[in-house]
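A quick write-up on the structure given underneath.
Please read these numbers as outputs of a predicted model, since none were measured by experiment. Convention: sequence-line order gives letters A, B, ...; per-chain numbering from 1.
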Amino acid sequence: MVRPVGRGATGGRGRRGPAAPLGAARSSGATFEPGGDHTIRDGVRMTKERTNTGRAEIASRSEDFAAWYNDVVLAAELADYSPVRGCMVIRPYGYALWEHMQSHLDARLKATGVENAYFPLFIPESLLAKEAEHVEGFNPEVAWVTQGGDEALEERLAVRPTSEAIIMHMYSKWAQSYRDLPFLINQWGNVVRWEMRTRLFLRTAEFLWQEGHTLHATPEEATERTLLMLDVYRKFVQEDLAIPVIPGVKTASERFPGAAETYTIEALMGDGRALQAGTSHDFGSHFTQAFDITFLGRDGQRRHGYTTSWGLSTRMVGGIIMVHGDEQGLILPPKVAPVQVVIVPIWRSDEERERVRAFVESFGGALGTHVRVRTDFSEDKTPGWKFNEWELKGVPLRLEVGPRDVANNSVVAVRRDNRQKEPVGLDALAGRVRELLDDVQRSLFERARAFLEEHTFEASSVEEMREILDRSRGFILAGWCGSAECEAEVKERTRATIRAVPFDRGDEPVPCVRCGEPGRGRVYFARAY
RNA sequence: CGGGGCGUGGCGCAGUCCGGUAGCGCACCAAGCUGGGGGCUUGGUGGUCGGAGGUUCAAAUCCUCUCGCCCCGACCA
């Protein structure tokens with residue numbers, strides 16, 4: 001819900017006038033915040049005498065994170081609700097962000113030898129049903145096509161919830177000899193999962209992602225691939241999206257249907273809830289057995305191959321919003337920001353405007369060859385309005401250019417993450433812009449890393465976990481004996497799940513938070529999206 | 001699937017209890033003044049009140065049915 005500004009909303013920016021009388025609260029109710037006071041955000045009613053500035057206002061991040069998130073997505077024009085239940089429209093600004101994410105990730109995937117291809121959206125039921133755990137896992141959320149035109153189909157078609165089935169089918173056709181292997185194929189596309197409850201970017205019935213599928217001659221090679229791709233994700237998310245992650249293994253209950261092992265990178269959102277940022281699955285020979293994928297080895301023996309798959313979705317757009325955003329709106333990591341630098345010209349008279357325009361043109365073009373620059377010369381908005389608008393949209397760096405700057409042969413640079421202003425002479429502009437963008441990228445990561453560290457706790461009992469989760473959400477490192485019973489019990493009592501069993505948990509025996517039996521090292525628990 | 005809320009110009013809402021022929025702010029259009037943190041004035045455009053039935057002289061308002069969306073819980077990238 002996006003409301004006009006000037007209604008005395010809490011935590012708003014740059015608003016004047018007395019606080020408006022309180023109206024009906026948001027229907028959404030309270031959201032709990034780390035260390036927050038659990039207030040319900042007050043929706044505020046319009047009054048006739050109040051003057052509005054007419055700009056979209058967003059909820060306070062600290063008071064109602066969920067409402068803030070929705071408001072930011074809508075107000076920054078990343079996405080909008082569609083007439084189709086559970087499906088959203090990704091708007092140009094949001095799609096541009098996704099495209100930049102794609103190009104960074106795509107390059108990283110290709111650097112490991114992966115090639116892109118495209119497989120059909122429709123998957124015959126008989127194929128989907130071949131791997132038992134796989135069907136069972138996805139059944140509840142599969143959308144089916146039963147009719148084409150006026151004709152009922154002989155076999156119904158699943159709208160892919162994931163593409164293992166169709167790709168394994170093709171792999172069985174293509175795999176002949178060990179000389180053909182490995183198959184390293186990635187697909188950028190959409191999938192459909194009939195979700196009960198949806199949220200913009202975080203969980204929609206249809207979403208965009210990439211899914212990579214590989215086939216190998218040996219289990220070792222498949223495992224190596226699985227871990228390699230997890231590391232590609234880790235680097236992409238940390239270096240390009242500036243989001244620190246915890247890599248690790250999923251427990252059996254959190255494992256992908258049909259996988260022998262599922263690996264994950266887990267990120268921590270600004271409200272202290274965890275988000276799975278990417279997953280990589282080692283299937284062993286589950287799928288090659290089910291789909292009869294065999295090849296002839298060097299020794300003349302026919303044997304089954306080993307497969308992997310790994311995916312990262314538009315959900316990470318939500319991750320960027322929830323990790324970096326602030327009360328003013330989005331903050332985008334420079335590497336993937338659709339607009340990295342926005343130039344806001346300032347003028348009073350027509351004469352000044354033309355002088356400023358000429359000045360901007362004198363350096364804007366050159367700057368634009370290095371970074372993604374947008375100049376906002378629209379005449380119907382004041383500079384102040386533009387400042388707020390582009391901050392809402394998360395542009396990492398703003399250059400203010402007015403008559404004073406023209407006179408000084410300089411501009412005023414303002415970074416989005418901390419709003420620090422500095423004058424920059426034209427001769428140093430290109431270099432300084434690059435430095436500032438790099439520094440914003442770095443600072444965002446550092447800030448997020450500090451947040452993650454400050455919100456990672458140790459607990460030695462379930463009670464203690466509950467206290468921590470009530471007081472200040474985040475990751476909780478705790479001992480776990482390895483049993484599904486204890487895992488389920490903890491979930492039941494705390495709503496926190498095991499997000500990852502870290503690779504570096506050490507050998508120290510630690511008593512299980514629930515039963516006290518020693519397990520190896522500690523695992524990460526959290527309430528998750 | 002359970003619980004809650006909401007559908008009235010593009011957006012946000014009032015009006016619904018107590019029927020009388022639709023209103024406010026913003027946005028939008030025009031003009032002028034403005035412009036270094038969400039400007040001001042004046043004048044305008046725009047709505048079969050989610051849909052279908054019904055009651056009535058008269059329905060946004062009352063009755064019945066229906067569709068959709070959002071939020072909160074159980075499942076999931």
Q. Is there a donor and acceptor pair, one atom on the side chain of A:Arg203 and one on the base of B:C76, closer than 3.5 Å?
A. yes
Q | Per A:Glu195 side chain, nearest of listed nucleotides B:G37, B:A77, B:G38 | A | B:A77
Under 3.5 Å, sequence neighbours excluded: what are the donor-acceptor pairs made by side chains of residues 403-412 of chain A?
residue: A:Asp405; atom: OD2; partner: A:Gly402; partner atom: N; Å: 2.8
residue: A:Asn408; atom: ND2; partner: A:Arg404; partner atom: O; Å: 3.2

Contact list (N/O, under 3.5 angstrom) for nucleotides 32-36 of chain B vs protein:
residue: B:G35; atom: O2'; partner: A:Trp347; partner atom: O; Å: 3.0
residue: B:G35; atom: N9; partner: A:Trp347; partner atom: O; Å: 3.3
residue: B:G35; atom: N7; partner: A:Arg348; partner atom: O; Å: 2.9
residue: B:G35; atom: O6; partner: A:Trp347; partner atom: NE1; Å: 3.4
residue: B:G35; atom: O6; partner: A:Arg348; partner atom: O; Å: 3.4
residue: B:G35; atom: N1; partner: A:Trp347; partner atom: NE1; Å: 3.1
residue: B:G35; atom: N2; partner: A:Glu379; partner atom: O; Å: 3.1
residue: B:G36; atom: N7; partner: A:Arg404; partner atom: NH1; Å: 3.2
residue: B:G36; atom: O6; partner: A:Pro403; partner atom: N; Å: 3.4
residue: B:G36; atom: O6; partner: A:Arg404; partner atom: N; Å: 2.9
residue: B:G36; atom: O6; partner: A:Asp405; partner atom: N; Å: 3.4
residue: B:G36; atom: O6; partner: A:Asp405; partner atom: OD2; Å: 3.2
residue: B:G36; atom: N1; partner: A:Asp405; partner atom: OD2; Å: 2.4
residue: B:G36; atom: N2; partner: A:Glu400; partner atom: OE1; Å: 3.3
residue: B:G36; atom: N2; partner: A:Asp405; partner atom: OD2; Å: 3.2

Q.
Between A:Glu487 and A:Arg514 (salt bridge meaning N to carboxylate O under 4.0 Å), is one present in this structure?
A. no
**Q.** Under-4.0 Å salt bridge between A:Arg61 and A:Asp271
**A.** no
Look for any protein N or O under 3.5 Å of an N or O in nucleotides 6-10 of chain B and output each such pair with its distance, or none.
none

Q: Taking only the side-chain nitrogens and oxygens of A:Arg495, find out if one of them lies under 4.0 Å from OP1 or OP2 of B:G73.
A: yes
(Q) Heavy atoms only, 4.0 Å cut-off, all strands: where does A:Leu202 land among base, sugar-phosphate and nothing? (A) base
Q. Looking at B:A77, B:C72, B:C75, which one has an atom nearest to any side-chain atom of A:Lys491?
A. B:C75
Q.
Need one value for A:Thr279: base, sugar-phosphate or nothing, where a base atom within 4.0 Å counts as base even if backbone is also close, heavy atoms only.
A. nothing
Q.
Applying the 5.5 Å / 30° rule, does A:Trp385 stack onto the base of B:G37?
A. no
Q) Looking across every strand, which nucleic acid part, if any, lies under 4.0 Å from A:Ser280 by heavy atom: base, sugar-phosphate, or nothing? A) nothing
Q: Tell me whether the OP1 or OP2 atom of B:C71 has a side-chain N or O from A:Asn70 closer than 4.0 Å.
A: yes
